[in-house]
Structures are given as structure tokens and as C-alpha cells.
Amino acid sequence: MPFPAVDPVDPLNLEALFTDEERAVRDTVRQFLDDKVEPHIADWFESGELPALPELAREFGKMGLLGMHLEGYGCAGMSARAYGIACRELEATDSGLRSFVSVQGSLAMFAIHRFGSEEQKQEWLPRMAAGEAIGCFGLTEPDHGSDPASMTTRARRDGADWVLDGRKMWITNGSVAAVAVVWAQTEDGVRGFVVPTGTPGFSAPLIKHKMSLRASVTSELVLDGVRLPASAQLPEARGVGAPLTCLNEARYGIVWGVTGAARSAWQSARDYAVQREQFGKPIAAFQLTQQKLVDMALELHKATLTALHLSALKDSDAGVHPAQISFGKLNNVREAIEICRTARTILGANGISLEYPVIRHANNLESVLTYEGTTEMHTLALGQALTGHAAFR
């Protein structure tokens with residue numbers, strides 16, 4: 001009996017593990033992006049803007065991508081694996097798209113869904129799921145990134161109201177958001193607040209001069225005496241563990257998403273190597289090029305297997321431990337960057353051109369490497385899980 005043919009894009013045939021519903025998610029997202037985004041994304045990256053974001057948000061809402069793994073309030077209520085597969089397709093086009101969906105669904109919407117009052121859920125989640133209201137998540141500060149417990153943004157009581165003062169930095173969606181989930185120190189510890197962005201004293205200046213995630217909206221949040229009613233506080237969010245729980249949700253999407261960027265870079269390098277001729281034959285026929293392609297494929301598929309396993313844990317009754325998410329984020333982002341860098345060498349000088357997606361993915365992944373937990377912090381989180389000693393305290 002002859003062996004089945006090996007698909008060069010999926011040599012382990014991992015997508016045979018997908019259900020029909022998961023394949024439908026993959027195909028729907030991929031087709032939309034191929035038709036509506038791929039023809040423009042290099043220009044958006046080069047110009048440093050995402051002009052189609054309001055339209056894209058509504059289209060993503062129609063596809064059920066926003067708060068995709070949440071239940072009720074207009075959310076799709078799909079599995080963690082289906083959500084991961086969607087993240088992979090989004091990031092195969094551009095990390096900025098996956099970042100938008102992650103921040104909307106896994107940070108802002110998840111925070112309200114998990115920690116909010118019923119009134120807050122009813123007010124915001126249906127509109128956010130539909131893409132009619134964009135959200136952002138204000139945790140990182142100019143001087144406090146890896147140590148959010150030391151944040152200096154303050155919320156103080158004034159009668160029945162809360163008054164917020166402080167700054168947040170590197171906030172995806174900030175300048176286009178209708179609502180911000182903002183974390184602040186109070187006399188009772190860290191608390192979360194639902195802040196309509198039209199509230200007096202709130203502003204979100206756009207951050208420019210980025211060389212990464214250029215097709216993405218990144219902002220500073222400025223809170224100068226922002227007065228909110230008592231009902232703006234997230235009632236179930238107490239302590240810094242609450243925003244970290246939200247970050248764990250978003251990190252899971254990264255574990256899957258970066259395999260999409262790596263797949264795009266690998267596929268570009270493979271296609272280029274088969275077509276590009278030097279010394280009388282395609283460069284794919286040279287041993288050193290084949291070694292690069294094979295090594296890239298090995299790491300890509302190991303990263304995908306890691307994502308698949310974490311999705312099985314997340315969808316199980318036992319759930320997934322934050323250290324296991326750290327394992328996936330640390331490994332998959334690191335390997336995705338290396339795949340992009342190796343792909344760039346195969347394309348030679350063409351590897352730095354936006355005519356190909358490789359350098360764009362490589363630049364974007366430099367941001368993904370840092371946000372939602374740096375390499376150092378995930379290494380130390382795993383180190384603590386393996387040894388029982390916290391090296392960063």
C-alpha cells in the first residue's frame with residue numbers, strides 16, 4: 001500500500017485533528033483576510049495606520065471572532081481551540097489584527113465578563129461582540145511593565161464617586177476605544193474600572209514612530225481627574241491577580257497566533273526557494289537551504305503541537321495552569337522569531353522588502369516577544385514552577 005503524499009505546508013497532517021467546525025472557522029477567517037486585508041496590509045504597515053479598523057471590527061463581529069470563547073451576551077461561545085485556530089489565521093496576515101482581537105475579546109471583554117456586574121455586562125458586551133464598540137485594557141504604565149503591582153495610577157473615593165489619576169502606556173486600541181478597562185491602586189489594593197472614553201479627563205494620544213505593529217493602533221492613556229460613579233468599579237476584581245488572569249487569556253491567543261506568522265514566513269521562504277535559481281538550479285536544491293527549511297518546519301510544527309495540547313487542557317475540566325501558558329508563550333514566540341529570521345536569509349535582499357511578508361512578521365514579533373510577559377518573566381515563572389523558588393521577588 002503506497003504511503004499518502006506529504007503536504008509540504010503541513011507535513012505532520014496536524015489539521016486532520018481539526019473538527020469540521022474548526023475547519024470552517026479556519027476557512028472563513030482565512031478567506032475573509034485573503035480577500036479584504038492581504039491586498040492592503042503591507043501598505044498599512046508601511047504607512048503606520050489601520051484605516052479600515054472600524055469596518056474590520058464590525059466584520060470580525062459578524063464572524064463571531066470578538067469574545068469568541070465567551071458565553072452569552074452575543075458572544076459565540078466556541079471552544080478554546082477554535083479561538084486559537086482563528087488567532088493563527090489572523091496573525092498569519094498580521095500580528096496587529098490578532099492583537100486587536102486579543103485585546104478586544106481576551107482582555108477588555110473577558111475582564112467585564114469575568115469580573116463585571118450584570119449591568120456592565122449588559123451595557124458593553126453585546127456591542128463589543130458585534131464590533132460596534134471597541135475596548136482597550138489599561139494596565140502597563142510608563143514606568144511599570146513587568147511589575148504591575150507597583151502601578152502608580154490611583155483611584156480615590158470622593159463621596160459616592162471614584163476619581164482616577166495616572167498614565168497607561170503601549171495600549172492597543174486606546175485611541176479608537178469606546179471603553180477602557182483601567183486598573184488602579186486604591187486604599188484596598190488594585191481594582192479595575194470600566195471607563196467610557198468620553199468621560200472628561202480621559203484622553204488617549206496616539207503613539208507614533210513605531211517600527212513594529214505598525215498596522216495597529218497603539219496609544220497612551222491619560223487620566224486626569226476622571227470622575228466615575230461607584231458602579232464603574234468591576235465588583236469581582238480584587239488585587240493584581242485579576243488583571244493577570246485576563247493576561248493569561250490573551251497569552252493563550254499569542255501561543256496560537258505566532259504559529260500563523262511563522263507559517264506565513266516559512267511558506268514564503270519555501271515558495272521562494274523553489275522558484276529562485278542560482279548556479280543553474282533552484283536554491284531549494286542546495287543542502288544548506290534544505291536544512292534551513294527542515295529546521296524551520298520542525299520548530300513550527302512543535303510549536304503547533306504545543307498550542308494544540310494547551311487548547312486541549314484549556315477546554316478540559318481541569319483547565320490550564322498559568323505556568324503552562326508561559327511555556328507556550330516563551331517557546332512559540334521565540335521559535336516564531338527565529339523562523340522569520342531564517343526565512344529572511346533564504347529570501348536574501350528580497351527578505352527586507354514589504355513585497356514579501358517576512359520582515360513585517362519579524363518586526364511585529366519583536367513586540368509580541370515583549371508584551372504580555374517578557375521572555376525574562378516567563379522564564380522565571382517557569383523557573384518557579386520547576387524549582388519552587390521565586391527568583392524575581
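Starting from 1, each residue takes its place in the sequence as its number.
Residues E21 and M78 have side chains in contact (heavy-atom distance under 4.5 Å, counting atoms from C-beta outward). Side-chain contact check for D143 versus T152: every heavy-atom pair is 4.5 Å or farther apart. P148 places none of its side-chain heavy atoms less than 4.5 Å from the side chain of W183. Proximity of F115 to P235: side-chain heavy atoms (C-beta onward) are nowhere separated by under 4.5 Å. Looking only at side-chain heavy atoms (C-beta outward), M151 and L139 come within less than 4.5 Å of each other. Counting heavy atoms from C-beta outward, V176 and L50 have side chains that stay 4.5 Å or more apart. Between I134 and Q104, some side-chain heavy-atom pair lies under the 4.5 Å cut-off. Looking at heavy atoms from C-beta onward, H144 lies out of side-chain contact with M169 at the 4.5 angstrom threshold.
The closest donor-acceptor contact from the side chain of T342 to the backbone of E338 lies under 3.5 Å. Distance alone, capped at 3.5 Å, places no donor-acceptor pair between the H40 side chain and the A52 backbone. Side-chain atoms of R214 come within 3.5 Å of backbone atoms of F45 as a donor-acceptor pair (strictly under, hydrogens ignored). Proximity of a side-chain donor or acceptor of E335 to a complementary backbone N or O of N332 within less than 3.5 Å is not detected. The main-chain N or O of Q233 is found under 3.5 Å from a side-chain atom of Q120 such that the two form a donor-acceptor pair. Between the side chain of K210 and the main chain of S216, a donor-acceptor pair closer than 3.5 Å is present. H301 places a side-chain N or O within donor-acceptor distance of the main-chain N or O of A297, the cut-off being under 3.5 Å. Between the side chain of T374 and the main chain of T370, no donor-acceptor pair closer than 3.5 Å is present. Under the 3.5 Å distance criterion, the side-chain polar atoms of S311 are left unmatched by any main-chain donor or acceptor of A80. The main-chain N or O of A391 is never found under 3.5 Å from a side-chain atom of H389 such that the two would form a donor-acceptor pair.
Ion pairing of E15 with R26 is present here, as a side-chain N (NZ or NE/NH1/NH2) and a carboxylate O approach within less than 4.0 Å. Salt-bridge annotation for R127 and E132: absent, with no side-chain N of the basic residue lying under 4.0 Å from a carboxylate O of the acidic one. Between R263 and E89 there is a salt bridge, since at least one side-chain N of the basic residue sits less than 4.0 Å from a carboxylate O of the acidic one. In this structure, R341 pairs ionically with E366, as a charged nitrogen and a carboxylate oxygen lie closer than 4.0 Å. Contact check on R23 versus D20 returns a salt bridge, with a Lys/Arg side-chain nitrogen under 4.0 Å from an Asp/Glu carboxylate oxygen. Under 4.0 Å is where a charged nitrogen must lie from a carboxylate oxygen, and between D161 and R227 at least one such pair does. A salt bridge does not link D35 with R30: none of the charged nitrogens is closer than 4.0 Å to a carboxylate oxygen.
Judged purely by distance below 3.5 Å, without hydrogens or angles, the side chains of K168 and T140 never pair a donor atom with an acceptor atom. Side-chain contact, S99 with Y371: a donor N or O sits under 3.5 Å from an acceptor N or O. Under 3.5 Å, the side chains of Q287 and Q291 contain no donor-acceptor pair of N or O atoms. Side chains of E38 and T93: a donor-acceptor N/O pair is present below 3.5 angstrom, by distance only. In the model, D7 has no side-chain atom that pairs as donor or acceptor with a side-chain atom of N13 under 3.5 Å. Side-chain atoms of E49 and S47 form a donor-acceptor pair, as typed in the model, at a separation below 3.5 Å. For the residue pair H361/S264, the side-chain donor-acceptor check at 3.5 Å is satisfied.
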Could you pull out every donor-acceptor pair under 3.5 Å between side chains of residues 197-205 and any protein atom, sequence neighbours left out?
from : atom 1 : to   : atom 2 : distance (Å)
T197 : OG1    : A177 : O      : 2.7
T197 : OG1    : A178 : O      : 3.3
T199 : OG1    : P196 : O      : 2.7

Would T153 and E141 count as a side-chain hydrogen bond (donor to acceptor under 3.5 Å, both in side chains) if you check the C-alpha gap in whole Å, the side-chain angles of each, and the deciding distance to 0.1 Å?
CA-CA 8 Å; T153 297; E141 297 186 352; 2.7 Å; yes
Could you go through the side-chain hydrogen bond (donor to acceptor under 3.5 Å, both in side chains) check for D147 and S150 one step at a time?
CA-CA 6 Å; D147 184 15; S150 298; 2.6 Å; yes
Would you check, one step at a time, whether the test ring-ring contact (aromatic ring centres under 6.0 Å, His included) holds for F193 with W162?
CA-CA 9 Å; F193 298 86; W162 288 97; 5.2 Å; yes
Would you sort out whether E71 and H113 count as a side-chain hydrogen bond (donor to acceptor under 3.5 Å, both in side chains), showing the intermediate values?
CA-CA 9 Å; E71 297 282 350; H113 192 277; over 6 Å; no
Could you go through Y83 and S106, starting from their C-alpha distance and side-chain angles, then the distance that decides it, and tell me whether this counts as side-chain hydrogen bond (donor to acceptor under 3.5 Å, both in side chains)?
CA-CA 10 Å; Y83 172 60; S106 291; 2.8 Å; yes
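For K36, the NZ atom counts as loosely surrounded, since its 6.0 Å shell holds 12 or fewer non-hydrogen atoms of other residues, nucleotides or ligands. Within 6.0 Å of the CG atom in L386, the count of heavy atoms belonging to other residues, nucleotides or ligands exceeds 12. Taking a 6.0 Å sphere around CD of E55, one finds it holds 12 or fewer heavy atoms contributed by other residues, nucleotides or ligands.
Cation-pi geometry between R270 and W266 is not met at under 6.0 angstrom from the ring centre and within 45 degrees of the axis.
Linking ILVMFWY residues whenever their side-chain heavy atoms come closer than 4.5 Å, directly or via other members, leaves L347 and V294 in distinct clusters. Hydrophobic clustering, with ILVMFWY side chains joined whenever heavy atoms are under 4.5 angstrom apart, keeps L300 apart from I85. V368 and V103 fall into different hydrophobic clusters, where Ile, Leu, Val, Met, Phe, Trp and Tyr are joined by side-chain heavy atoms under 4.5 Å apart, directly or via other members. Using a 4.5 Å cut-off between side-chain heavy atoms of Ile, Leu, Val, Met, Phe, Trp and Tyr, with links allowed through other members, V25 and V101 fall into the same hydrophobic cluster.
Listed by chain and number, the residues in a ring-ring contact (aromatic ring centres under 6.0 Å, His included) with Y272 are Y356 (sequence neighbours excluded).
Using a 30° and 60° split on the angle between ring planes, F32 and F60 fall in the perpendicular class, above 60°.
A side-chain contact (heavy atoms from CB on, under 4.5 Å) with T259 is found for one member of I254, L305, T304 and no other, namely T304.
Considering CG of L382 and OG of S326, their distance stands at 5.5 Å, rounded to 0.5 Å.
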